[in-house]
Amino acid sequence: MTTSFGTTSPLDRPWDEPLAAEELIAAAMEWHFDPSTGSPFWLDQAKSFDFDPRADVRSIADLTMFPNIVDQLRDVPVRDLIPRGYGDDYVQPLIAESGGTTGPPKRLMWMAETLEQATAWHAAGLAQHGAIRRGGDWLCMGPTDPHMAGHLIRATAAKFHAMCFLLDLDPRWVKRLIARGATDEVAQYVEHVVDQAEWILRSQDISVFYSTPPLLDALCRRSGMVELINDRVDVIGWGGTKMDIEARNRYQRDVFPGVRFIGGYASTMIVGGIVERAGGSGEDAAIFDPPSPVTIFSVIDPATGENVPYGERGQVLQHHISRGLLLPNNLERDSAIRLPHPRNSGGDSIADVQPVTEFSGKPVVEGVY
């Protein structure tokens, strides 16, 4: 059976024309828990709930009724994540995997419109920082398949009529090397990644350059690369691991004074990448406004589950609500400062994102990503 979707459902609204969170949540509960449209995974999960999602879940606060199921995503058959309402004829989904920081990688299925939606808000966030030069191409010095970063940046580049160069980078191998103390091998692997980036930067017209902070630092130690980037690159996008205010200001003012330096917050479980709020002074930490109510952040005290006061640090709790994917009540492995969201569609904005030192009972190893 093939199902086509109209434009009357809140689930089909453009991300930048949101309805109230309550309307989106109600529509999502109907879609994901109706036996004819919901995914095998969620319909099976619902058998153990002591609540009825279609009747009882109506608000952002109600989303915390769901169990945090992300650990189950390490081994669930991916086809069980596809809502039955898509029928059998759909564009091949994207399989996106996490970096495996806390065990076997978690795995999500992105339907075609999930990627399109994530790409649209990523492109819009970049555009708020000023025009992106047409004709220049992009380079992503970060993980590629099976991770979402390369997919997202390549798809975003296409919206600016740019080609995107990707590297051969396995962050899981780096984390394994770090875990066993093989610092020399880590250094060799980083040099291997920097070699790839240098070759592309020297031979291609790269105007937008994405990098993780550790890899950017390694690239800057390579002779001639800072000068080359300042001469050719218009935008540096950073993300994947933390960057404190001091380091950010040093890069922007002293290392790359003529390049726009734009932060991003992304992960596989967030289902996209969020560009930092435009117009910051540079003296404060980067602020990230999720595309609420599709992706909703709350900043909580993990011991109580309650929101911390605005301006205080807590752990990031994330909900993703769309036709292609439902991922509620997901406690992220990051802490952040809680800020009001500029759009009154529910949830928080976050600033000064930092990884927690331990997650799911295991130490967090950032590696190169």
Side-chain angles (χ1 to χ4, degrees), residues 74 96-106 139-150 153 165-202 209-229 233 236-252 254-256 261 263-269 273 285-286 315 332-336 352-369:
R74 301 183 195 276
E97 295 187 356
S98 69
T101 298
T102 58
K106 298 182 282 286
L139 167 61
C140 174
M141 189 161 67
T144 50
D145 282 339
H147 310 287
M148 52 73 61
I153 293 171
F165 293 84
L166 304 176
L167 306 183
D168 188 3
L169 193 162
D170 181 357
R172 297 177 193 161
W173 181 244
V174 177
K175 290 176 181 180
R176 179 171 291 190
L177 294 175
I178 292 171
R180 63 179 172 86
T183 55
D184 288 346
E185 292 180 61
V186 172
Q188 291 175 30
Y189 192 88
V190 168
E191 287 300 299
H192 164 63
V193 174
V194 170
D195 286 343
Q196 297 176 65
E198 179 178 5
W199 173 59
I200 295 169
L201 285 164
R202 289 194 182 280
F209 173 44
Y210 274 87
S211 180
T212 68
L215 291 175
L216 182 61
D217 186 62
L219 185 70
C220 289
R221 295 195 297 269
R222 181 70 63 90
S223 176
M225 292 311 298
V226 169
E227 293 78 10
L228 180 67
I229 291 172
V233 173
I236 294 176
W238 62 268
T241 55
K242 70 176 181 179
M243 182 178 290
D244 61 34
I245 298 172
E246 181 181 355
R248 179 173 172 233
N249 287 342
R250 177 176 59 84
Y251 275 121
Q252 181 66 87
D254 303 330
V255 184
F256 302 114
F261 205 65
Y265 179 55
S267 80
T268 300
M269 295 298 110
Q315 197 159 345
E332 283 288 327
R333 61 176 183 87
D334 297 300
S335 73
D352 196 19
V353 179
Q354 299 179 10
V356 296
T357 57
E358 186 176 275
F359 190 69
S360 296
K362 296 183 178 180
V364 172
V365 179
E366 287 191 279
V368 295
Y369 186 65

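The basis for the numbers below is simple: all heavy atoms, side chains too, and nothing from hydrogens, waters or symmetry mates. These numbers come from a predicted model, not from an experiment.
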Restricting to non-hydrogen atoms, name the atom on L216 and the atom on F209 that form the minimum distance, rounded to 0.1 Å.
CD1-CE2, 4.0 Å
Would you say the side chain of V233 lies within less than 4.5 Å of the side chain of L139, judging by non-hydrogen atoms?
no
Restricting to non-hydrogen atoms, name the atom on P355 and the atom on D334 that form the minimum distance, rounded to 0.1 Å.
CA-OD1, 3.6 Å
Among I229, V226, L215, whose side chain to side chain contact (heavy atoms under 4.5 Å, CB included) with C220 holds?
V226
Do T144 and L169 have side chains that get closer than 4.5 Å, going by heavy atoms?
no
Would you name the heavy atoms of P213 and G239 that are closest together and state the gap between them?
CD-O, 3.5 Å
Treating T268 as the side-chain partner and E97 as the backbone partner, does any N or O pair qualify as donor plus acceptor under 3.5 Å?
yes
Under 4.5 Å between any side-chain heavy atoms of L219 and V193, yes or no?
no
Closest non-hydrogen contact found for Y189 with D170 is OH-N, 2.8 Å
So does M243 get a backbone contact from the side chain of R248, meaning a donor-acceptor N/O pair under 3.5 Å?
no
Would you indicate whether the side-chain heavy atoms of I153 and L166 approach each other to under 4.5 Å?
no
Do the side chain of Q315 and the main chain of E332 share a donor and acceptor less than 3.5 angstrom apart?
yes
Any side-chain to backbone donor/acceptor pair from R172 onto S98? Under 3.5 Å, distance only.
yes
With sequence neighbours left out, what residues match D195 under side-chain hydrogen bond (donor to acceptor under 3.5 Å, both in side chains)?
R222
Between the side chains of Q196 and H192, is a donor N or O closer than 3.5 angstrom to an acceptor N or O?
yes
Across all chains, not counting sequence neighbours, the ring-ring contact (aromatic ring centres under 6.0 Å, His included) partners of Y251 are F261
Any donor-acceptor N/O pair, Y265 side chain to A286 backbone, under 3.5 Å:
no
Search all heavy atoms of G273 against all heavy atoms of M148 and return the closest pair with its distance.
N-CE, 4.4 Å
Using 0.5 Å steps for rounding, measure from the CD atom of Q188 to the OG1 atom of T183.
10.0 Å
